[in-house]
**Q** 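I'd like to ask some things about the structure below.
All residue numbers in this chain count up from 1 along the given sequence.
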Amino acid sequence: TCVDSTFRCRPFRGYYHMISNSATIRRIFYRVKGKKWWHNRIYPKDFHVEIIANGKINLSYKGNSVEVQPIQCLSNQFNNDLAFIVLSGPSISKIDDLSKLENAFSFTVNGSPTLFEANKLTYDAYIVDDPDFIQTKKDLVVHFAKQAQYCFFSYRSIYYLLKAGVNLKELPNIYLFDYYSMPFGKARPDISRAHFSTNLSEGVYVCSTVAYIALQIAYGMGFKEVAVFGLDLSMEGRFYQENNAPAQFLDQDWENGILKPFLELKNIIDQTNWNVWNCSPESRLSDQILKKVDPNHYLCMKKQ
């Protein structure tokens, strides 16, 4: 089956500006077709997605291609295991013994693998879905992805990397995920509230923090306990130094982009035996939504 694509990205500040005639026509087409299809506007017709015989998916753009595995092949593969999600909030610097982050399966996101590499530690998974980060730091994205056993990219991420000429064939560990509310090549479903996906095959709900993507992936993979580090959700930047750091919009996006989705997460936790800890005691997120614990105390309890 071959699916001609047409971009489906969540709305984000600083739309990608297209200058070619075909791009302009594409935008007009999806504007006319209706709001439910508008998220598909950026994928051009020569971005192809093909499901091949071994269950993998081939994505190609102008002669640059990559074969990936659908993320649902990892569904419930880590039952009863513990996972750490390591983000980039400055509270990371309060961890006394960073080597303890190797005591469980570790998810990293965007630039957070910097912490592991600076301390000569290993990490298991890498997730990136920030278009600005991908387009300005594509070499770093590939470097981090090479160090991980599992690399999670959306259609959007792969499109930007292929478009930039990145040779993704060097990465045999890519798992492809879709967006729940903005599916690739399809119309948006009718949803009136935020969502937390419990099934990897339905895609992940995207909001204003990549932490929410990581949590849905961890749930779908079957991890029964998850500890999140660096979930500060503050305007104080990241634990690592950045040149020309991108603007943050946490204040503007707080209610709809963070609070409402995390309330959906709380519903999942309340209805199941899933255990999630916020290891950022000063996090902006209330402990009534996600229970907080000191990171050093938690890591000492979980020491193997």
**Q** Less than 4.5 Å apart, any side-chain heavy atom of Leu162 and any of Lys62?
**A**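 Answer no - side chains too far apart.
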**Q** Within the structure provided, determine whether Val109 and Phe144 are in side-chain contact (heavy-atom separation under 4.5 Å).
**A**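 They are not in contact (no side-chain heavy atoms under 4.5 Å apart), so the answer is no.
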**Q** Got Tyr159 and Ile134 here, is their nearest side-chain heavy-atom distance under 4.5 Å?
**A**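 Tyr159 vs Ile134: side chains apart.
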**Q** Using 30° and 60° as the class boundaries, would you call the ring planes of Phe196 and Trp274 parallel, tilted or perpendicular?
**A**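 Ring orientation of Phe196 relative to Trp274: tilted.
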**Q** Would a distance-only check, ignoring hydrogens and angles, find a side-chain to backbone donor-acceptor pair under 3.5 Å from Thr108 to Ala125?
**A**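 Yes: the side chain of Thr108 pairs with the backbone of Ala125.
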**Q** Quick one: do the Lys291 and Asn275 side chains pair a donor with an acceptor below 3.5 Å?
**A**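 Per modelled atom types, Lys291 and Asn275 side chains form a pair under 3.5 Å.
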**Q** Rounded to the nearest 0.5 Å, what's the gap from CD1 on Ile268 to CZ on Phe262? Could you check?
**A** 13.0 Å
**Q** Just wondering, more than 12 heavy atoms not from Lys33 lying within 6.0 Å of its NZ?
**A**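 Result for NZ/Lys33: enclosed.
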**Q** Within the supplied structure, the quantity of interest is the number of heavy atoms (other residues, nucleotides, ligands) at a distance under 6.0 Å from Lys94 NZ; does it exceed 12?
**A** no
**Q** Do you know which two heavy atoms are closest between Val86 and Ser112, and how far apart they sit?
**A** O-OG, 2.8 Å
**Q** Step by step, would you call Val204 with Asp129 a side-chain contact (heavy atoms from CB on, under 4.5 Å)?
**A** CA-CA 12 Å; Val204 300; Asp129 193 53; over 6 Å; no
**Q** Less than 4.5 Å apart, any side-chain heavy atom of Leu290 and any of Leu231?
**A** yes
**Q** Check step by step if side-chain contact (heavy atoms from CB on, under 4.5 Å) holds for Ser283 and Lys292.
**A** CA-CA 8 Å; Ser283 172; Lys292 297 179 182 179; 4.1 Å; yes
**Q** Check whether any side-chain heavy atom of Ile57 lies under 4.5 Å from a side-chain heavy atom of Pro70, and answer yes or no.
**A** yes
**Q** Would you indicate whether the side-chain heavy atoms of Tyr212 and Val206 approach each other to under 4.5 Å?
**A** no
**Q** Check the angle between the aromatic planes of Tyr150 and Phe105 and answer parallel, tilted or perpendicular using the 30° and 60° thresholds.
**A** tilted
**Q** Nearest 0.5 Å, please: how far is CG in Asn54 from CD in Gln69?
**A**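 Here the interatomic distance stands at 8.5 Å.
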**Q** Would you compute the distance between atom CG of Leu233 and atom OG1 of Thr209 and round it to the nearest 0.5 angstrom?
**A** 5.5 Å
**Q** So how far is it from Ile71 CD1 to Asp178 CG, rounded to the nearest 0.5 Å?
**A**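 If I round to the nearest 0.5 Å, the distance is 10.5 Å.
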**Q** Quick one: side-chain hydrogen bond (donor to acceptor under 3.5 Å, both in side chains) partners of His297, sequence neighbours excluded?
**A** none
**Q** Would you name the heavy atoms of Arg26 and Ile42 that are closest together and state the gap between them?
**A**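 Shortest heavy-atom separation between Arg26 and Ile42 comes out as NH2-O, 3.3 Å.
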**Q** Under the criterion side-chain hydrogen bond (donor to acceptor under 3.5 Å, both in side chains), I'd like the reasoning laid out for Thr122 against Glu102: C-alpha separation, chi angles, the key distance, then a yes or no.
**A** CA-CA 7 Å; Thr122 59; Glu102 291 187 310; 3.1 Å; yes
**Q** May I ask you to test the Phe116-Gln147 pair for a side-chain heavy-atom distance under 4.5 Å?
**A** no
**Q** Identify the two heavy atoms, one from Trp277 and one from Glu225, that lie closest to each other, and give their separation to 0.1 Å.
**A**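 The answer is NE1-OE2, 3.3 Å.
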**Q** Please report the closest heavy-atom contact between Gly257 and Cys207, naming both atoms and the distance.
**A**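 Answer, listing the atom of Gly257 first, then Cys207: O-CB, 3.0 Å.
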**Q** Which atoms form the tightest heavy-atom contact between Ser197 and Gln216, and what is the distance?
**A**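 Between these two residues, the closest heavy atoms are N-OE1, 3.0 Å.
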**Q** Ignoring hydrogens, what is the shortest heavy-atom contact between Ala227 and Cys279? Give both atom names and the distance.
**A** CB-SG, 3.9 Å
**Q** State yes or no: do Tyr30 and Val32 share one hydrophobic cluster built from I, L, V, M, F, W and Y residues joined by side-chain heavy-atom distances below 4.5 Å, directly or via other members?
**A**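 Unlinked, Tyr30 and Val32 end up in two clusters.
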**Q** Where do Phe177 and Leu200 land on the side-chain contact (heavy atoms from CB on, under 4.5 Å) test, with the steps shown first?
**A** CA-CA 8 Å; Phe177 64 87; Leu200 292 177; over 6 Å; no
**Q** Name the orientation class of the two ring planes belonging to Tyr205 and Tyr180 (parallel below 30°, tilted from 30 to 60°, perpendicular beyond 60°).
**A**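 Judged by the thresholds at 30° and 60°, the geometry between Tyr205 and Tyr180 is tilted.
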**Q** Going from CD1 on Ile127 to CG on Leu87, what distance comes out if it is rounded to the nearest 0.5 angstrom?
**A** 9.0 Å
**Q** Set out, in order, the CA-CA distance, both residues' side-chain angles and the distance that settles side-chain contact (heavy atoms from CB on, under 4.5 Å) for Ser99 and Leu121, then state yes or no.
**A** CA-CA 7 Å; Ser99 68; Leu121 304 174; 4.1 Å; yes
**Q** Using side-chain heavy atoms (C-beta onward) and a distance below 4.5 Å, is Val141 in contact with Val166?
**A** no
**Q** Do other residues, nucleotides or ligands put more than 12 heavy atoms under 6.0 Å from the CG atom of Asn79?
**A** yes
**Q** Can you measure from CD (Glu202) to NE2 (His195) and round to the nearest 0.5 angstrom?
**A**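 Atom-to-atom, Glu202:CD and His195:NE2 are 4.0 Å apart.
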